[in-house]
Protein chains: 2
Amino acid sequence: MKTPGPSSTQPPSRRIAEELRAAIEAGHLAPGDRLPSERALAHQYETARNTAREAIRLLAEEGLVTARHGSGVFVREPQRLFRFGSDRYSRSNRETGLTPFRLEARRQGKEARIDVVGITRERPPQDIAERLAVPADEESVLHRENHYFADDEPVQIVSTYLRWEEAEGTPLTQPRTGKDGIYGRLEELGHVMTRVRDEITARMPTRAEATVLGLPSGVPVLEVLHTSLDQEDEPFEVSRYVHRADRTGLFYELPVE
Amino acid sequence: MKTPGPSSTQPPSRRIAEELRAAIEAGHLAPGDRLPSERALAHQYETARNTAREAIRLLAEEGLVTARHGSGVFVREPQRLFRFGSDRYSRSNRETGLTPFRLEARRQGKEARIDVVGITRERPPQDIAERLAVPADEESVLHRENHYFADDEPVQIVSTYLRWEEAEGTPLTQPRTGKDGIYGRLEELGHVMTRVRDEITARMPTRAEATVLGLPSGVPVLEVLHTSLDQEDEPFEVSRYVHRADRTGLFYELPVE
DNA sequence: GAGTGGTCTAGACCACATC
DNA sequence: ATGTGGTCTAGACCACTCC
């Protein structure tokens, strides 16, 4: 069941990576432990420092270790997962007065913070325009961008898109949207959320996302493109959630048939 | 809205990466196009080859480009997504006689192939044991591992776990399980699937997964831990799906409240 | 100040692809 | 045969952390 070839035929950098990986998987190097320094590894394996460095990079790309400048390379700690369930859109949760994010944060004993980064009228990206049924070549949407933090650590970026013609002149264009948030206001506009569609993909973060979320290499993001449908089965809100994948899991429970 | 600092203060490798990234995003380098060779970039920017190489590695980690040994570095082509919907467990789909995978492959005009990699009695991993409600310290499960291909390209790895006490001596231990597959047999054993739970995470592939799936660097995997519940609300089957994230998306549609 | 990772140089040889 | 990426060497200096 060995994936790589015999270690004797492997380049030194891969061999070093393999031995470190084995030590991590066997628990000889526990989460939080520091690896030997690059110089120490180079000496130990009688290679140049760059070769040891390449080995560590391979492990970092797999998400097994994280380098901290000036301090060392450490085995990554398994992170408690934020879990966003399929009930996150339900009214019963909304009645707690807490958004799904605040609810989950409280469940984990963390402090939630939400920064409103921008509220602007825009031309929608193609995928948003299709799902919200608005033209992509006009400034047809209101775009609200928020950043979410747990204990001051960023965990998700959310972009919400609404029809400009509906949002114009309402509290939806304000940072504080009032009781029950945007869904409360949208209900007043006649949209009762009756069905949702979530489209889920994973990818590596863009440079901007990596910066905002403070992502080390080897951590992908989960992207959820969410569409809310009203009682007429018309879409009235589309959001793009970008989660750091090492802190977040999604959870869907559904009846069959 | 610039994320990095002024380009003048950036190291050369990042500056090269930034300019190439800009060229890709602006469309000057289209999907499928070849980048200048490492040696050409090094000459152009008056740096060592390793510095140009480092720039390309940054782009590869973002998933923007893929290197092909002996051939060049190419802008990655957007991949048509395999979409697995929340209806994939429904009986109506099962009545087509096609598994969800074969159904989706046909929808895309691709040829599906499923390899049975192994069918063994095992001690379950911790997460599986919890969800299937079996002891983790005994050989309490049957483990079926399959690899799925579309047009001979691997797209997912599936590990299905069943209670050994139920599966023993039944066609469930055989490669070919008969009409309607394992769910058909499990129904004969008294388990009607009435509810499912999917737990979704994303991460970088293990070395073994990267090999099986043929993943270039910069492509994460989507992991779905799926639990089937029967009419008594008891779990009777747990599967772990590992999808390559650049080819696969998940799709859930659900009523609210 | 000592030790760590981050970046870079100017070479070299190897493995693979293409013609 | 030529050109490409893959790996390696043996140095160097910088930026950061920790004591």
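Lettering of chains follows the sequences in order, A, B, ..., and the numbering in each one begins at 1. For the numbers below, each heavy atom of this structure counts, side chains included, while hydrogens, waters and symmetry mates do not.
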Quiz prompt | DNA chain C: 5'-most and 3'-most nucleotides touching chain A, 4.0 angstrom heavy-atom criterion | solution = C:dG3 to C:dT9

Quiz item: Within this structure, what is the CZ-to-C1' distance between A:R34 and D:dC18, rounded to whole angstrom?
Solution: 11 Å

Practice problem: Mind running a 4.0 Å heavy-atom check of residues 36-51 of chain A against DNA chain D and sending the residues that fall below it, in number order? | Solution: A:T47, A:A48, A:R49, A:N50, A:T51

Quiz item: Does the pair B:E19 and B:R15 meet the rule for a salt bridge (charged side-chain N to carboxylate O under 4.0 Å, His left out), with working shown?
Solution: CA-CA 6 Å; B:E19 296 196 4; B:R15 201 186 129 228; 3.3 Å; yes

Self-check item: From CA spacing to verdict: side-chain hydrogen bond (donor to acceptor under 3.5 Å, both in side chains), A:S159, A:R240
Solution: CA-CA 5 Å; A:S159 277; A:R240 191 193 310 277; 5.8 Å; no

Quiz item: Under 3.5 Å, is there a donor-acceptor pair between the side chain of A:E153 and the main chain of A:A150?
Solution: no

Exercise. Pull out every residue in residues 57-70 of chain A that has a heavy atom closer than 4.0 Å to any atom of DNA chain C, ordered by number, or say none.
Key: A:A67, A:R68, A:H69, A:G70

Self-check item: Pairwise salt bridge (Lys or Arg N to Asp or Glu O under 4.0 Å) hits with a residue in residues 114-123 of chain A, at least two apart
Solution: A:R113-A:D115

Could you tabulate the donor-acceptor pairs under 3.5 Å formed by side-chain atoms of residues 21-36 of chain B, not counting sequence neighbours?
unit_1	atom_1	unit_2	atom_2	d
B:R21	NE	B:E62	OE1	3.1
B:R21	NE	B:E62	OE2	3.3
B:R21	NH2	B:E62	OE2	2.7
B:D33	OD2	B:A30	N	2.9

Practice problem: For the pair A:Q156 and A:R244, evaluate side chain to side chain contact (heavy atoms under 4.5 Å, CB included) and give the outcome as yes or no after the intermediate values. | Solution: CA-CA 6 Å; A:Q156 60 178 203; A:R244 51 182 298 175; over 6 Å; no

Quiz item: A:E145 and A:I157: side chain to side chain contact (heavy atoms under 4.5 Å, CB included), yes or no, with the steps?
Solution: CA-CA 7 Å; A:E145 182 172 343; A:I157 299 170; 3.8 Å; yes

Quiz prompt | Sidechain-backbone polar pair: B:R49 side chain, B:L41 backbone, donor-acceptor under 3.5 Å | solution = no

Quiz item: Going by distance alone, is a donor N or O of one side chain under 3.5 Å from an acceptor N or O of the other, for B:T66 and B:R76?
Solution: yes

Quiz item: So how far off straight is the helix from C:dG1-D:dC18 to C:dT18-D:dA1, going by the axes through five pairs at either end, to 10°?
Solution: 20°

Quiz item: Does a side chain donor of either B:T160 or B:H143 reach within less than 3.5 Å of an acceptor in the other side chain?
Solution: no

Quiz item: Would A:D198 and A:Y252 count as having a side-chain donor-acceptor pair, cut-off 3.5 Å?
Solution: yes

Quiz item: Could you walk me through whether A:F82 and A:F101 pass the ring-ring contact (aromatic ring centres under 6.0 Å, His included) check?
Solution: CA-CA 9 Å; A:F82 258 70; A:F101 181 78; 5.8 Å; yes

Practice problem: For the pair A:E223 and A:R203, find out whether any cationic side-chain nitrogen is under 4.0 Å from an anionic carboxylate oxygen. | Solution: yes

Exercise. Find which nucleotide of DNA chain D each of A:E54 and A:S71 is nearest to by heavy atoms, and output the residue with the more 5' nucleotide.
Key: A:E54

